[in-house]
Amino acid sequence: MTFAQSMALLADESMMREGETPETLPNALNETPNYAIARDAFLLKLPSGLHFYYRQGKGVTVSYPDDVSHLEVSLFLNGSVYGAIAWINGLVPLHASGVAHRGQVHAFTGHSGAGKSTLAAALGKRDLPLLADDVMVLDLSDPDVVMCLPGHKQLKLWRDALEMTGYEAAGQVREDMDKYYIAPDSGFNAEPTPLSHLYFLEDGAKENIAFSPVTGAQRFNFVRTSFYRSQFCAAIADSRDMFATVARIAQQVTITRFDRPRRKEVFDQGVNAMAARITGG
Amino acid sequence: MTLRKATSRLAETEIDDEIVLMNIDTGHFHALRNTGLAIWKLIDGTRDINALCDALRQSYAVDPDVCAIEVDRFINLMVEAGFVERR
C-alpha cells in the first residue's frame, strides 16, 4: 500500500454515520466500562451516552442522546476513535503534534498539558506548517522510512495558550471546555512526510532552555510512552511486533529532550530556540 | 550448569550501546549496559558461571572472586526476570 493509499484508508475508515451501536463486542480482546477493542472492531461508550462503533472496512457508526453536541462527537471521533482505527489498520498513532520543514517532520510529545499543541501553534507563526496536532499517525510500511501521515488541519489550544501564541479562536472545542480550535498561520503540510526528530517536552528547567540528546534504552522508553492509546495496541498487537515497532522508531528517529521553564515571559525564547533548532538558524 | 537466553519468551534490541529486553509473557522491560551488556553477549548456551567469568576477565581487570559474585548476582536477576535459563 502506498502512503497516499494509507491516507485514503484512514479517511475512509473514519467516515461516520448515525445508527445503532451494540452494547458489547463479542470478539473483544480487551473490554473496560468505557471501551472494547477487537482485531477488527472498536466500541467506545462514554458516560454522556455518546457511543461509537467502528468495524474495519465499514467505518464508524455513532449514536448519542439529544443533549450531546456535534462538537463532542467530533472531539472523540478525532481522538480515541481515530487512534483505534489507526492501530486496527496497522498504523502507529503517536501522542504528538508536529510541524514540517524541508521535507522532514519535527514532532513534539509529552504528557497531556506539556505544551505540544501550543509549541506547534507558535511555530506556525514562524513559517513552519502543521503536520498533525495531538495524534500523529505513522506509516511504517517502508522499512527505511518512518512516515507521518498528515492529520487534522486544526490545532486545539486552551485560552492561555491562545493568548501566549496570539491566535484568534476559530471555534470552541466543546461548550464546557475553555479550549478552542485555531488554524495555524503557516498552513498545513498535506503530504506524507518522514519523521526525523521527536522532541520530549519537559518543564523542569528553572531558568535555562536546554536540548539534550536521548540515548540508549531511554530512546526505547521515550518512544513507547509516546504511543497514543497504547492500551489499544497492547490489546490487539502481538507483543513481539509491538516491541519491534518501538525499537525501529527508536533507531530511526533522532530523539531529544526539550526542557524549558513554563513561564509566560520566557515562552517566546523557547519557541525561538526550537525554531532555530529546526531550521538550523 | 550452562546458561542460555530464554529466546522463546524474550525480545531484544540494541540501541546505541545498550540492549533493551522484554519478557513476552509478563511485558516487563529491562535495559542492559556496561558489564551487564558484556555478560549478556557472552551467554551462548555453552558457558556456565565460571566460563562467563573467565571470558569477562579477558576484557576486564577484575578479581576472580568479585567477578564470580557479580556475575552470579546478574545471572540470578536475569533468571528471575525470565531472560535466562539454567540447564
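Lettering follows sequence order; numbering is per chain, from 1.
- Neither the backbone nor the side chain of L32(B) comes within contact range of chain A; no heavy atom of the residue lies under 4.5 Å from a heavy atom of that chain.
- In this structure, F211(A) has its ring center closer than 6.0 angstrom to the ring center of F258(A).
- Using cut-offs of 30° and 60° on the angle between ring planes, the pair F52(A) and F76(A) is tilted.
- The aromatic rings of F232(A) and Y35(A) sit perpendicular to each other, their planes meeting at more than 60°, with 30° as the lower class boundary.
- Heavy atoms from other residues, nucleotides or ligands lying under 6.0 Å from CD of E191(A) number 12 at most.
- Within the 4.5 angstrom heavy-atom criterion, only side-chain atoms of R224(A), from C-beta onward, approach chain B.
- Only the backbone of L21(B) comes within less than 4.5 Å of a heavy atom of chain A; no side-chain atom from C-beta onward does.
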